[in-house]
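The structure appears right after this line, and notes come after that.
What you see below is based on every heavy atom in this structure, not just the backbone, and it leaves out hydrogens, waters and symmetry mates. Letters go in sequence order (proteins before strands), and every chain restarts at 1.
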Amino acid sequence: MKKQNLFFAAIAALVFTSCEKTEIKEVEKIVYADQAGALSLTFDARYGESDFELNKKYPYQLVNSGGTYDMEFEFSRLRYWVSNVKLIDNDNKEHAIADSYYLVEETNEIAVQHLVNGEKYPATKREEVIIKDIPSGEYKAIKFSIGVDQKYNDNIALTAGELGSLNGMGVSDGWMWFTSYKFLTLAGTIHWAEGTPTSKALSWETGSNELFDGAGKTVELTTPLKIDAQNSGKVTFNVDVKELLSATDLPWVNNSISQNKKDLMIALRDTFLSKSLTFKEASSVSVEAN
Amino acid sequence: MHIAVRNRYIIGVFAFLVGLFVLLSCSKDDELPIADEEETPFAFRQPAFFPQAVESAIDPKTGLPSNPLTKAGVELGRRLFYDPLLSANKQVSCASCHHQGKGFSDGVALTTAGVSGKPLERHSPTLINLAWTDRGFFWDGGSTNLESQAFGPLTHADEMGMYLPVLVERLRADATYVGLFQKAFGELPSEHRTAMALSQFQRILISADAPYDLYRRGEQPDALSADQLRGLNLVRQKCSSCHAGELFTDNGFHNNGIDDDFGDGSHEGIYWGRYRITYNPLDLGTFKTPTLRNVMVSAPYMHDGRFKTIDEVLHHYRFGIKDTPVTDAALYQNNDKVGIPMTDQEVEEIKSFLHALTDEKFLNNREFSNPYNK
């Protein structure tokens, strides 16, 4: 029976290989999906000690030169591009993952402004990125950037990985500046009982080619990750939004950070990379070969 | 053995069916001239004396231009350009605001032809010789390339108001488009291929057959009158630091002195000009130099269409330029004082020359016109 199955498979393979290339790709996907040789990256959003949730008020005590202020932050969106993933092996050789562009997000449903047909971008939560076909090896560190490098940032008609104007609804949703990508956004509402008004919209964004330089992060893994035909790897990062709020000590004044405030954008980028996004754990998982 | 025989029989039938499938599926492919047409490059015209045209951006994966012109791509782009299917309410096409007979401008200061019926914040520019535009599209250069630019009008709530996933859905539901995208790109319709096809069509909108060109290339030495020749010299003298060369634009950004207050950031930063993109204070109130080609059919003028006639424009350069810290140095032609001195007669000669930039062949070229009106 086994042999016979093989025979069918061989013929089927022949059918696919003899015609269009695109079909071969389909077959490959099915065979290798979710098996060994994969790397999973999880970006676990948190708010201090608690889990990060949208539409929930979190207390935030602001201490700056002016005094101590009790505020609350409520979020509607956290979204960023993870790109240019590279694995570093025990010999310090870098292995770049081709087309590694991933959109990590937690967003409320967004009604598209164009009322004509009232389309909505569904509420989305995506924290895990799975990268397949990792070259076999032992890796002691991982590198990536938050944002999109210039060659793609300058031309949204090019596609690679998850890049493209459809993802995150792209242009329709203000997820673009003119025609380039935003790298990181945090949006929501700041509540402050003593403020006038007592709440303000929070809209923090980074982007621009200039900011991509310096948007990289290297994470040393405590024990090397083994990824090969029997093993897949799993790395988890914490993304602490409370830490991100420390990008400015005047959040009430700087409730909007965007292209016209370059210094604050840089502070936001750097705070995200150095304080908010931290390594949690990594492990290799052996995958049963069936 | 009984079972073995049955198995062999099944295998035989399976193999036969598979073989048949291989034959059918592959021979069918062979009959389709898809691969051929996809490859057929469009014979791009590089007019004499023009600078080298700009290629589409390099595709990082191949190291080659990402959007080379092909016959099938250009033809698809032309259909898309004229098709209102690309708008939310199926009533607005690119051509609703870009009319061929007006150099692909639209004849009004601020159009209300978009899906919302609300006036736009800026005037519809001409679409002429875009294959040479190398420093950004839009009045403020906000888009670095033509491909990316297309997403602007497609998704803008007051232009075509399109939700891109719906655009893709519509195109994939249309058998003609499925065939045309296959022919042009070997793929199903997608939003980024739509942008690429539109760009291919727009790159062939070349205007290089005005009387000026016939004169310039020596094809018709008497194409320009004596007045027009004097006008040409005046334009070269007084205007060509910005309206430069054969393109009659340097594709650069200048403040040509039409405003003196740039503090107001409302209306999508219209008073800011390119500052809105660069946040460089020297770019306050600067806009992309429009070409002077076909300028006599593309009124009204400037980024907000404020001047209704060419006379108003020339009057501005003669008497109305505002002296501000960001007014372009090239406009201080009056013994270092602001203004471009012109006599009444010189104004007439310049106007006369500008008529010699009207390219009837371009304005009436069937290859640029609506393919649905055959």
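Taking each heavy atom of B:T144 and A:D154 in turn, the nearest pair found is OG1-O, 2.7 Å. Looking at every heavy atom in both residues, A:A157 comes nearest to B:A195 through CB-CB, 4.4 Å. Shown here for B:S66 and A:N155, the closest heavy-atom pair between the two residues is OG-ND2, 4.3 Å.
Here OG1 of A:T159 is found 8.5 Å from CD of B:E191. Values are rounded to the nearest 0.5 Å. To the nearest 0.5 Å, the span separating OG on B:S143 from CD1 on A:I156 amounts to 7.0 Å. Interatomic distance, B:K61 NZ to A:L158 CG, rounded to the nearest 0.5 Å: 8.5 Å.
Between chain A and the residues B:P60, B:S116, B:A150, the largest count of heavy-atom pairs under 4.5 Å involves B:P60.
Judged purely by atom type and a 3.5 angstrom limit, A:K151 has no side-chain atom pairing as donor or acceptor with the backbone of B:I58. A donor-acceptor pair is defined here as one N or O able to donate and one able to accept, closer than 3.5 Å; no such pair exists between the side chain of A:N260 and the backbone of B:Y279.
Among residues two or more places apart in sequence or in another chain, the ring pair (Phe, Tyr, Trp, His ring centres under 6.0 Å) test is passed with A:H95 by A:Y139. For B:F253, the ring pair (Phe, Tyr, Trp, His ring centres under 6.0 Å) criterion is met by no residue, not counting sequence neighbours.
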Step by step, would you call B:T278 with A:Q259 a side chain to side chain contact (heavy atoms under 4.5 Å, CB included)? CA-CA 9 Å; B:T278 61; A:Q259 250 185 339; over 6 Å; no

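Looking at A:A98, neither its backbone nor its side chain comes within 4.5 Å of chain B, counting heavy atoms on both sides.
More than 12 heavy atoms of other residues, nucleotides or ligands lie within 6.0 Å of NZ in A:K200, so this atom counts as buried by the packing criterion. Atom CD of A:E128 sits in a crowded spot, with more than 12 heavy atoms from other residues, nucleotides or ligands closer than 6.0 Å.
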